[in-house]
Amino acid sequence: MSTHADRLAALRAQLARDRLDGFVVPLTDEHMSEYVGDYAQRLAWLTGFQGSAGTAVVMSQEAAIFTDGRYTLQVRQQVDGDHWAYVGVPQTSVAAWLAEHAGQGARIGYDPWLHTRAWVTEASKALAERGASLVAVDTNPVDAVWPDRPAPSDATLAVQDDARAGQSSAEKRAGIADWLTERRADAVVLTALDSIAWALNVRGRDVAHTPVALAYAIVQADGTADLYIAPEKLTDAVRQHLGNAIRVHDRGEFASALGGFAGKRVAADPERAVAAIFDRLDQGGATILTLRDPVVLAKATKNPVEIAGHRAASARDGAALARFLRWVEAEAPSGVLTELDCVAKLLAFRQQSGLLLDTSFDTISATGAHGASPHYRVDESSNARLEPGQLYLVDSGGQYLDGTTDVTRVLPIGAPTEEMRDRFTRVLKGHIALATAIFPVGTNGGQLDGFARRPLWEAGLDYAHGTGHGVGAYLAVHEGPQRIATPSYPGGGPAEPLRAGMIISNEPGYYKAGDYGIRIENLVLVEERVIAGAEAPMLGFETLTFCPIERRLIVADMLTPAERGWLDAYHARVFDILAPQMTGDDLTWLEAKCAPL
């Protein structure tokens, strides 16, 4: 089908054949993943939207696409407003919109393998108040009209050996077994792909940028596990690694296996397990314990081996980014560089180590007005030249066997305006305020979010995204449960106390629509802080990312002595870590960028 309008029409025709008055199309897969394989990119195929969070609703006469503040500009550039209404969340919700737009007796379809039980309950209640109903489908109607839908990946698994994981799979499963015993539970269903990868010490190549494999797992109270995965994905080495304590089944057998827990107490995560899983457990007679996946917190709290691996990956990655920034600074003023040129060159610099396995997300290479879209993704149609007078923003990261990186830097092409420098300095002040924060054990990221915003708030400014997200250990670049955000901002949600060992981003920003974007992002490690005379245990952050912060954009007089001291110390550390990896002009450039302010 040549156009997205054709695809929309085809879906409406299919809904009519299925006797449905509407259908909900989320951007997720049957594991509630943030980043999904090509086979599950239903929202992008239908609408053209390339963001990483969104939902569409298609009715017989109208259609709407729901995105948060990160994608306000992007969704309008990629999705045809003649066919789709743009709806902002959390200002409204899919359920609320359905309640307003569904007619009496309307049947609204949904795929129970793509939604949580809580969403189904919310939407069902909202529709019932209108005399309409939510209808589970056996076959997704989008799949029925997607003629060239990609097949799921058949890539094989790889072992993440204990020397990099810092803990064996047997030890991890023993911890899960203890957790089950404490709750008098017989088993836990693991559906999140990164949870399965972490618990079994395996990695995959089924999802771009995230080293996971399409699978389900059920861990029993005796520490054994059942892994449901396409058999052809297992090599002899992986089978040997899994051993006898992990029973392997075809992925297609998972749904029926859920019916085999009659009289058993089974834990399942209401945020990560889809509605269909709860339905099958219910129908099979299991007693369901709605509890958070026990891997989530264990995975988020990095062990010393994982932390050491991240340090090595960050040092390597920072050197590649520094070489790239020098290259952009030298080449961009000529006006020949494009955003895609920069994506390719940065990838080449990262690949020089011979250790890069993938980027950790699609590189955000954004010049000028494109930088005002926090999650802009360049393609051939949007590719712009870097031109004098613009700010160039690059947000990128790498996947290495020893760690996952994520870093954002901004540099001016030519001379920046005083407004640009003012806004950049305010973002920097917020970044430093968060980097230097000290807080008691039990503090959650939402309580710290305002530290990074205050310098912008003082000028009547703000940014429409969270300030920090968790990062995995050679796993997902966006990892929960830790975050630095309040519920009112995208990326916010339930408050999770920060714990020593968590890795999280520090990335305040500022975005001027139609003109430029600014974001300064480092990853930080939550660590214990010993304070003489303290009456409570305290925590703080150790910065893990090392790459120069652009001096030409800093208004030095706006920084306090303490802030200047932090920046000078940071740059001294950058030089110590990166200089041994640099030579010639790169080293000369680094020395100048890291000189005291």
Side-chain angles (χ1 to χ4, degrees), residues 310-334 337 341-356 359 363-365 367 386 391-398 400 402-403 405-416 421 424-425 427-428 431-432 435 505-507 518-524 542-556 559 563-597:
H310 185 91
R311 293 188 201 282
S314 289
R316 180 187 315 128
D317 200 66
L321 181 58
R323 293 187 193 101
F324 167 77
L325 293 176
R326 188 191 79 80
W327 175 81
V328 173
E329 189 174 294
E331 298 295 328
S334 65
L337 289 188
D341 291 335
C342 293
V343 172
K345 191 68 173 181
L346 179 52
L347 177 61
F349 278 121
R350 281 196 165 103
Q351 289 173 329
Q352 286 176 1
S353 70
L355 298 174
L356 182 76
T359 52
T363 295
I364 299 172
S365 174
T367 194
L386 281 61
L391 293 184
Y392 172 67
L393 181 153
V394 59
D395 184 349
S396 67
Y400 305 91
D402 47 4
T405 67
D406 183 2
V407 51
T408 307
R409 290 294 184 265
V410 178
L411 68 159
I413 309 305
R421 298 180 71 232
F424 184 90
T425 307
V427 172
L428 175 60
H431 181 97
I432 295 170
S505 66
N506 173 4
E507 51 178 311
I518 295 166
R519 187 161 60 253
I520 302 172
E521 178 184 17
N522 288 338
L523 300 186
V524 296
E542 176 195 342
T543 296
L544 296 172
T545 303
F546 291 98
C547 188
I549 294 171
E550 181 50 53
R551 301 164 61 88
R552 290 173 294 165
L553 287 169
I554 299 171
V555 181
L559 300 181
E563 290 166 342
R564 291 177 68 133
W566 181 92
L567 186 65
D568 286 346
Y570 175 75
H571 277 145
R573 185 75 175 130
V574 169
F575 187 78
D576 288 345
I577 290 173
L578 302 191
Q581 306 176 68
M582 315 283 270
T583 59
D585 292 341
D586 288 337
L587 182 58
T588 301
W589 175 90
L590 181 70
E591 189 170 17
K593 292 294 181 182
C594 293
L597 192 63

If only atom types and distance count, is the side chain of S353 paired as donor or acceptor with the main-chain N or O of L355 below 3.5 Å? yes
Mind checking the CD1-NZ spacing from I549 to K593? Nearest 0.5 Å is all I need. 12.0 Å
Sub-3.5 Å donor-acceptor pair from the side chain of R409 to the main-chain atoms of A322, do we have one? no
A side-chain contact here means heavy atoms from C-beta on lying under 4.5 Å apart; do I520 and F424 qualify? yes
Heavy-atom nearest pair, S365 first then C342, reads OG-CB, 3.7 Å
What I'd like to find out is whether the side chain of L347 reaches to under 4.5 Å of the side chain of F324, using heavy atoms alone. no
Check this for me, if you would: do E331 and K345 make a salt bridge, where the nitrogen-to-carboxylate-oxygen distance has to be below 4.0 angstrom? no
Quick one: do the T405 and Y400 side chains pair a donor with an acceptor below 3.5 Å? no
Heavy-atom closest contact (G398 atom, D317 atom, distance): N-OD1, 4.1 Å
When you compare the side chain of I554 with that of R421, does any pair of heavy atoms fall below 4.5 Å? no
Can you tell me how far the CZ atom of F546 sits from the NE2 atom of H571, to the nearest 0.5 Å? 11.0 Å
Would you please test R316 and D402 for salt bridge (Lys or Arg N to Asp or Glu O under 4.0 Å) and show each step? CA-CA 11 Å; R316 180 187 315 128; D402 47 4; 2.8 Å; yes
Note, W589 side chain near P548 side chain (heavy atom, < 4.5 Å): yes
Ignoring hydrogens, what is the shortest heavy-atom contact between T545 and L523? Give both atom names and the distance. OG1-N, 2.8 Å
Passing option when V394 is tested against V407, L346, T408 for side chain to side chain contact (heavy atoms under 4.5 Å, CB included): L346
Taking all atoms of both residues into account, what is the closest heavy-atom pair of M582 and L578, and its distance? CG-O, 3.0 Å
If the condition is salt bridge (Lys or Arg N to Asp or Glu O under 4.0 Å), which residues does D395 pass it with, not counting sequence neighbours? R519
With a 4.5 Å cut-off on side-chain heavy atoms, are L391 and I518 touching? yes
For the CG atom of L587 and the CZ atom of R326, what is their distance to the nearest 0.5 Å? 11.0 Å
For C547 and V574, work out which heavy atoms get closest and say how close. N-CG2, 3.7 Å
Start with the C-alpha gap between V524 and L544, add the side-chain angles, then the distance that decides, and say whether side chain to side chain contact (heavy atoms under 4.5 Å, CB included) holds. CA-CA 5 Å; V524 296; L544 296 172; 5.8 Å; no
Do other residues, nucleotides or ligands put more than 12 heavy atoms under 6.0 Å from E591 CD? no
Give, for atom CG of N522 and atom CG of N506, the distance between the pair rounded to the nearest 0.5 Å. 6.5 Å
How long is the straight-line distance from OG1 of T367 back to CG of L386, given to the nearest 0.5 Å? 4.0 Å
Could you walk me through whether F349 and L321 satisfy the side chain to side chain contact (heavy atoms under 4.5 Å, CB included) test, starting with their C-alpha distance in whole Å, then the side-chain angles of each, then the deciding distance to 0.1 Å, before giving a yes or no? CA-CA 7 Å; F349 278 121; L321 181 58; over 6 Å; no
Ignoring hydrogens, what is the shortest heavy-atom contact between D341 and W327? Give both atom names and the distance. O-CH2, 4.3 Å
Short side-chain donor-acceptor distance under 3.5 Å, R350 and S396: yes
At what distance, to the nearest 0.5 angstrom, does CD of Q581 lie from CZ of R323? 6.5 Å
Find out whether T425 and L559 are in side-chain contact, i.e. whether some heavy atom of one side chain is under 4.5 Å from a heavy atom of the other. yes
Could R552 and E329 be called an ion pair, given the rule that one side-chain N must be under 4.0 Å from one carboxylate O? yes
